[in-house]
Amino acid sequence: MDIILFNTLGRQKQVFTPITPGKAGLYTCGPTVYDYQHIGNFRTFLFEDLLKRVLFYNGYDVTHIMNITDVGHLVSDADEGEDKMEKGSARTGKTVWEIAEYYTQFFLDDAKALNLIPPTRYTKATEYIQEQIDMIKCLDDKGYTYVTSDGVYFDTSKLSDYGKLANLDIEGLEEGSRIQFSTEKKNKTDFALWKFSPKEGKRQMEWDSPWGKGFPGWHIECSAMSRKYLGDTFDIHCGGIDHVPIHHTNEIAQSETCTGKPFAHYWMHGAFLEEESGKMSKSKGEFLRVETLIKHGYTPLDYRYLCLGTHYRKRLLFSWEILEQAKTAMTRLKQNIQQIRDDAKKNFDERDASMPEGERDKFLEAVNDDLNMPQALAVLWGVVRNDKLTSIEKKNLINDFNRVLGLDLDKDIEAGNTNVPAEIMELVEKRIAAKKAKDFKKADVLRDELKSLGWEVVDKKDGVEVKQITN
Ligand SMILES: [Zn+2]
């Protein structure tokens, strides 16, 4: 069955045709590690995880590269403002290298908790400085650069198709009214390829280059590192919708100018997670992290379930109420599935691989239609509630669907907990979350509360067992 994807380049759904049959090269723009990632960032990474899982599900061999931006970049897309890492360094008293390491680890832990399959390779920008310099040299040799007092810039007026991804209205851009940009820039849309270190004061991260000591601009790392591992042209490039007008537009300008070939065939972008006040962002100070959700008694997979319920190209308005709904649905789902798994164990041969094709086709059709996860969840619930299927058939289908959904539906997490009322399970999960957040006092209070309601929780290696107190 064909995979249909919505291509930002051209703004339409297209059949996915890989460069090499059976293989897919995928590049996704990764985190900037000068701070924590909020759950809005993870909505994008989650959409990319689903894309990759759908490719796997269809039998593709996927090479996935994700960058980690650990170079101290500037706060705004306009190549002006404070350096993010140096700013973090001043705030925390750590070196920029320590900061990058610290937040990278947090990102990796959160990604794991959300069941994101790791890429084939994470590429840290600081480990590919030479590749970035080589690509700037290539642009320099072709005459697309110029030097100002603060850096080396790409002259976008030399490209006739600059801005094709975003359908940019170059004349209408109002960058200048919002942010003061270098007066030496020839065009509003020109961007830095290399920035010079300030004359006074040493930067913690700086490198020698043919143009002088400094550091690479943000966009060049993705062009250089994708080329190294995926080649001049590859299949799919992804990111958040905010990457379209500047970051991805500039990646295309650099890569296609240097190689003379198309950069990526399919461009896919995830819509924002929003709050009542607008787009979730780091600049607002306090923001929601995976850990915040856990502290409120939710699991990372409750959040994953929430995200699956809205198509990746639609904005998702976050509230605690909809997360609560997702949690309730997830709890019910897990209980139903546990019942199915227990029945299957009792009544059927575990080696029975029977899988009703009709149900599987419905699921495949949903996920292959530009990752229609809300529809895929509907197919899953349909299987769970279907009286005509045997438990083993249901179990096999659910295990199979879980390869895409990534909700741990193929695991017995709470052995023997199927007959526990939902309100008791809720307290149990709050206690698990409290323990994860190392709030042992709260965990003990919840254990006592459960006891007073007649339920005992026994901690096990792979989860907990919940038992009714019978005396
Ligand atoms: Zn990028």
Side-chain angles (χ1 to χ4, degrees), residues 7-9 25-35 37 40-49 51-52 63-79 84-85 100 103-104 107 111 116 119-129 131-132 134-136 139 154 156 162-166 168 189 191-195 215-259 262-272 282:
N7 195 347
T8 307
L9 191 64
L26 171 67
Y27 187 90
T28 60
C29 294
T32 307
V33 287
Y34 66 94
D35 206 337
Q37 299 297 300
N41 302 129
F42 275 108
R43 186 185 179 207
T44 304
F45 301 142
L46 233 151
F47 130 66
E48 293 160 350
D49 180 65
L51 169 65
K52 184 164 65 172
T63 304
H64 175 203
I65 304 297
M66 185 184 226
N67 63 309
I68 291 189
T69 302
D70 58 347
V71 175
H73 283 294
L74 305 162
V75 168
S76 80
D77 273 334
D79 302 320
K84 288 171 176 174
M85 294 287 243
Y103 289 114
T104 301
F107 162 73
L116 305 187
T120 315
R121 189 186 284 270
Y122 281 116
T123 55
K124 289 185 181 176
T126 52
E127 291 172 2
Y128 297 88
I129 298 296
E131 285 80 357
Q132 297 176 66
D134 290 346
M135 191 170 251
I136 302 169
L139 298 171
F154 188 103
T156 55
Y162 179 80
K164 64 185 171 186
L165 181 71
L168 278 189
T189 47
F191 55 92
L193 296 163
W194 187 263
K195 292 278 284 187
F215 59 100
W218 174 34
H219 317 299
I220 196 76
E221 70 182 62
C222 292
S223 286
M225 299 190 299
S226 63
R227 186 184 192 195
K228 181 167 179 103
Y229 293 111
L230 298 170
D232 292 348
T233 305
F234 56 90
D235 296 299
I236 312 173
H237 196 314
C238 295
I241 193 79
D242 52 331
H243 285 156
V244 176
I246 298 175
H247 182 51
H248 286 170
T249 288
N250 292 344
E251 281 187 36
I252 291 173
Q254 297 164 156
S255 293
E256 298 194 349
T257 301
C258 177
T259 66
F263 184 29
H265 286 165
Y266 301 85
W267 288 82
M268 294 175 70
H269 295 95
F272 285 144
K282 283 182 189 134

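One-based numbering, in listed order, for ligands and for the atoms of each.
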Take the Zn ion (ligand 1) and tell me which protein N, O or S atoms are nearer than 2.8 Å.
-> Cys29 SG, Cys222 SG, His247 NE2, Glu251 OE2
Partner set under side-chain hydrogen bond (donor to acceptor under 3.5 Å, both in side chains) for Gln132, not counting sequence neighbours | none
Mind checking what makes side-chain hydrogen bond (donor to acceptor under 3.5 Å, both in side chains) contact with His265, not counting sequence neighbours?
-> none
Please say which of Thr257, Asn250, Thr156 ends up in a side-chain hydrogen bond (donor to acceptor under 3.5 Å, both in side chains) with Tyr162.
-> Asn250
Would you check if the distance from the ring center of His237 to the ring center of Tyr266 is below 6.0 Å?
-> no
Establish, from distance only, whether the side-chain atoms of Thr123 and Asn67 form a donor-acceptor pair under 3.5 Å.
-> no
Taking only residues two or more places apart in sequence or in another chain, which ones pass salt bridge (Lys or Arg N to Asp or Glu O under 4.0 Å) with Asp49?
-> Arg53, Arg304
